[in-house]
Amino acid sequence: MMAARGFLQIAPGRRVALNGVEWTVDDVHGQLGRLVLVDDDGRAEIRSFRWLINHADLRLLPAVESGRPPPVARQPRTLADLTKDQLERARLRAAHVLEAETGFREGHPARALPGEPRPAYDPDRTTLTQRRYTKAAEMEAMPRPEAVRCGLQHLSYRTLVRLSGLVGDSLLLACADGRWTRRRSGHRTVTKEVREAIFAVKAECGPRARLSQGAKHRLMHQYMRERFPTFPTEKIPSRWTLAAVWNEWFGPGGARPRYGRTAEAAAEAGVSGRMVVHRPGQVLVLDSTPMPVKLRETVFGDAITATLTLALDLYTHGLPAFRLTLKSDTSVDIAMLLRDVMLPLPMREGWGEDMEWPYAGVPAEDSEADTPVQEDDT
C-alpha cells in the first residue's frame with residue numbers, strides 16, 4: 001500500500017504504532033480491504049486499509065516474529081487424489097506437452113505411436129521453440145468446448161516452457177488442474193461461538209415451519225446477543241456465509257419440515273437409509289382420503305362425510321384391511337386398522353373353508369386368525 005510516508009507493506013506479524021500504542025497485524029483480508037489489529041493486551045480491532053494509510057500518527061516498528069502458531073504441515077498432492085476422469089485429462093494434457101518437447105506423445109522414440117512424429121513436430125526438422133509455438137497455435141485453433149473439456153485452453157507457449165523438464169508423476173500433477181485438489185480453508189468467521197449458535201438455530205428450526213436464510217440469520221444474531229453479549233457483532237458471519245455453511249453441514253434441506261421430522265423419527269427408531277422390500281407383510285403403506293360421497297347411518301339420518309383409510313401391502317399391492325371413519329383419521333383409527341391386519345374378522349356362517357383367505361406375510365406365531373373373536377355388546 002502507498003502511504004504518505006512511502007510504501008507500507010502489510011502482512012501478518014507487522015508491528016505499527018498508532019497514537020503511541022503498539023499494534024500487531026494479526027490477519028489481512030485483502031478481498032475486503034480490511035485488516036485485524038491486536039494490541040499487547042489482546043484487544044482486537046478491525047480496520048480498513050484506507051483508515052490505516054491516512055492515520056495521522058502512524059509509525060512503523062521493526063518487524064518481529066509472529067506469535068501465531070506455525071502452519072500445520074499438509075499432505076502433498078498425489079495422483080491418488082485425482083479421479084479416473086481427472087487423471088485421463090491430465091495424461092492427455094501431458095501427452096501434448098511431451099509432443100512439443102520431444103516430438104512424441106509418449107516422450108520417447110521407442111514408444112512412438114502410429115504416424116509419429118508428425119511433420120510439424122519432427123525433432124530432426126524442427127527446433128524446440130518451433131514445436132512449442134506450433135503446439136500453442138494448435139491449441140488455440142482447437143474448438144473451445146473440446147479445449148475446455150480436455151483442459152487445454154490455457155496451454156500456451158509460456159505454459160509449455162514452464163512445464164519443460166518435468167517427467168513422470170511430476171508432469172501429471174503439474175498438468176492437473178489445481179482446482180481439482182484445492183485445499184479447503186474452511187470459514188474463518190465460523191468460530192466456536194458461531195458454531196454453537198448455528199447448531200442452536202438448527203435445533204430451533206426443527207419444530208417450526210420452513211424458514212428462510214434471512215430468518216435463520218436473525219435467529220443466529222439473537223442467540224449470539226443472548227449467549228455471548230461481548231462477542232463483536234461485526235465478526236458474526238453474513239447470511240451468505242451462513243447459507244454456504246448450512247448447505248455444507250446439513251444439506252439443502254428441500255423437504256418439508258413435517259417430512260423432515262418424520263425422517264428424523266425414523267432414524268431414531270433405527271429405520272434409515274434405503275429399505276429393500278423382499279417379502280409380503282414387511283412394509284405397510286397407510287393412506288387416508290375423504291370419500292367423494294356422503295353416508296347415512298340410517299335411512300333418515302343426516303348425510304355425513306366419511307374418511308377412507310387403507311392399508312396397502314408394498315410387496316403384493318394387496319389391501320389387507322380398510323376402515324371408514326366419520327371423522328379424520330386419528331391414532332386410534334390407525335391402531336384399529338393395524339389390529340384388523342393382524343386379527344382378521346371371523347368368517348360368517350355358511351362360508352366354506354375355501355372362502356378363508358389369511359393375510360399373507362404375517363408370521364404364524366404372531367397371527368391370531370384362528371382365535372375366536374368375541375363381539376363387544378357394549
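Numbering starts at 1 and runs along the sequence shown. Given the structure is predicted, the values throughout are model-derived calculations rather than measurements.
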Does [X] share a hydrophobic cluster with [Y], counting links as ILVMFWY side-chain heavy atoms below 4.5 Å and allowing steps through other members?
{"X": "V194", "Y": "F199", "value": "yes"}
{"X": "V16", "Y": "W51", "value": "yes"}
{"X": "L128", "Y": "L155", "value": "no"}
{"X": "V190", "Y": "L219", "value": "yes"}
{"X": "L92", "Y": "V97", "value": "no"}

Interatomic spacing from [atom1] in [X] to [atom2] in [Y] - rounded to 0.5 Å:
{"X": "S288", "Y": "D333", "atom1": "OG", "atom2": "CG", "result": "9.5 Å"}
{"X": "L286", "Y": "L338", "atom1": "CG", "atom2": "CG", "result": "6.0 Å"}
{"X": "L98", "Y": "R111", "atom1": "CG", "atom2": "CZ", "result": "9.0 Å"}
{"X": "H96", "Y": "K135", "atom1": "NE2", "atom2": "NZ", "result": "5.0 Å"}
{"X": "L163", "Y": "R158", "atom1": "CG", "atom2": "CZ", "result": "12.5 Å"}
{"X": "L18", "Y": "L37", "atom1": "CG", "atom2": "CG", "result": "6.5 Å"}

### Query
Under 3.5 Å, is there a donor-acceptor pair between the side chain of T102 and the main chain of F104?
yes
### Short side-chain to backbone donor-acceptor contact, R105 and A95, under 3.5 Å
no
Heavy-atom pair of closest approach, residues [X] and [Y]:
{"X": "P320", "Y": "L284", "value": "CG-CD2, 4.0 Å"}
{"X": "V28", "Y": "P12", "value": "CG2-CD, 4.1 Å"}
{"X": "L314", "Y": "H317", "value": "O-CD2, 3.3 Å"}
{"X": "L172", "Y": "A94", "value": "CD2-CB, 3.9 Å"}
{"X": "G103", "Y": "P123", "value": "CA-CD, 4.4 Å"}
{"X": "Q130", "Y": "T134", "value": "O-OG1, 2.7 Å"}

side-chain hydrogen bond (donor to acceptor under 3.5 Å, both in side chains) with [X]: which residues, sequence neighbours excluded?
{"X": "K192", "value": "none"}
{"X": "S170", "value": "none"}
{"X": "T191", "value": "E193"}
{"X": "S238", "value": "T241"}

Would you call [X] and [Y] a side-chain contact if the rule is heavy atoms closer than 4.5 Å?
{"X": "I198", "Y": "W246", "result": "yes"}
{"X": "I236", "Y": "F231", "result": "yes"}
{"X": "T307", "Y": "T289", "result": "no"}

#### Entry: Co-members of the apolar cluster containing Y157 [side chain, <4.5 Å]
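Listed partners: Y133, V161.
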### Apart from Y121 itself, residues in the same hydrophobic cluster as defined by side-chain heavy atoms under 4.5 Å
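Besides Y121, the hydrophobic cluster comprises nothing; the residue is isolated.
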### Task
Sequence neighbours left out, what pairs pass salt bridge (charged side-chain N to carboxylate O under 4.0 Å, His left out) with at least one residue falling in residues 214-243?
E196-R227
### Task
Could you list all the salt bridge (charged side-chain N to carboxylate O under 4.0 Å, His left out) pairs where at least one residue sits in residues 120-132, not counting sequence neighbours?
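Listed once each, the pairs are E101-R132, D122-R125.
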### Query
Which is it for L312 and L310 under the side chain to side chain contact (heavy atoms under 4.5 Å, CB included) test, yes or no, and what are the steps along the way?
CA-CA 6 Å; L312 173 67; L310 301 175; 5.7 Å; no
### Query
Any side-chain donor paired with an acceptor under 3.5 Å for R15 and T24?
yes
### Message
Using side chain to side chain contact (heavy atoms under 4.5 Å, CB included), reason through V36 and V25 one step at a time and then give a plain yes or no.
### Response
CA-CA 6 Å; V36 180; V25 178; over 6 Å; no
Could you tell me which residues satisfy salt bridge (charged side-chain N to carboxylate O under 4.0 Å, His left out) with [X], sequence neighbours excluded, listed by chain and number?
{"X": "R47", "result": "E45"}
{"X": "R118", "result": "E99, E138"}
{"X": "E88", "result": "R91"}

### Task
Could you please spell out the steps behind the side chain to side chain contact (heavy atoms under 4.5 Å, CB included) verdict for Q213 and W240?
CA-CA 8 Å; Q213 287 296 338; W240 311 115; over 6 Å; no
### Task
For the pair L58 and L52, evaluate side chain to side chain contact (heavy atoms under 4.5 Å, CB included) and give the outcome as yes or no after the intermediate values.
CA-CA 8 Å; L58 170 63; L52 183 64; 4.0 Å; yes
### Task
Please identify each residue that fulfils ring pair (Phe, Tyr, Trp, His ring centres under 6.0 Å) with H221, with sequence neighbours left out.
H217
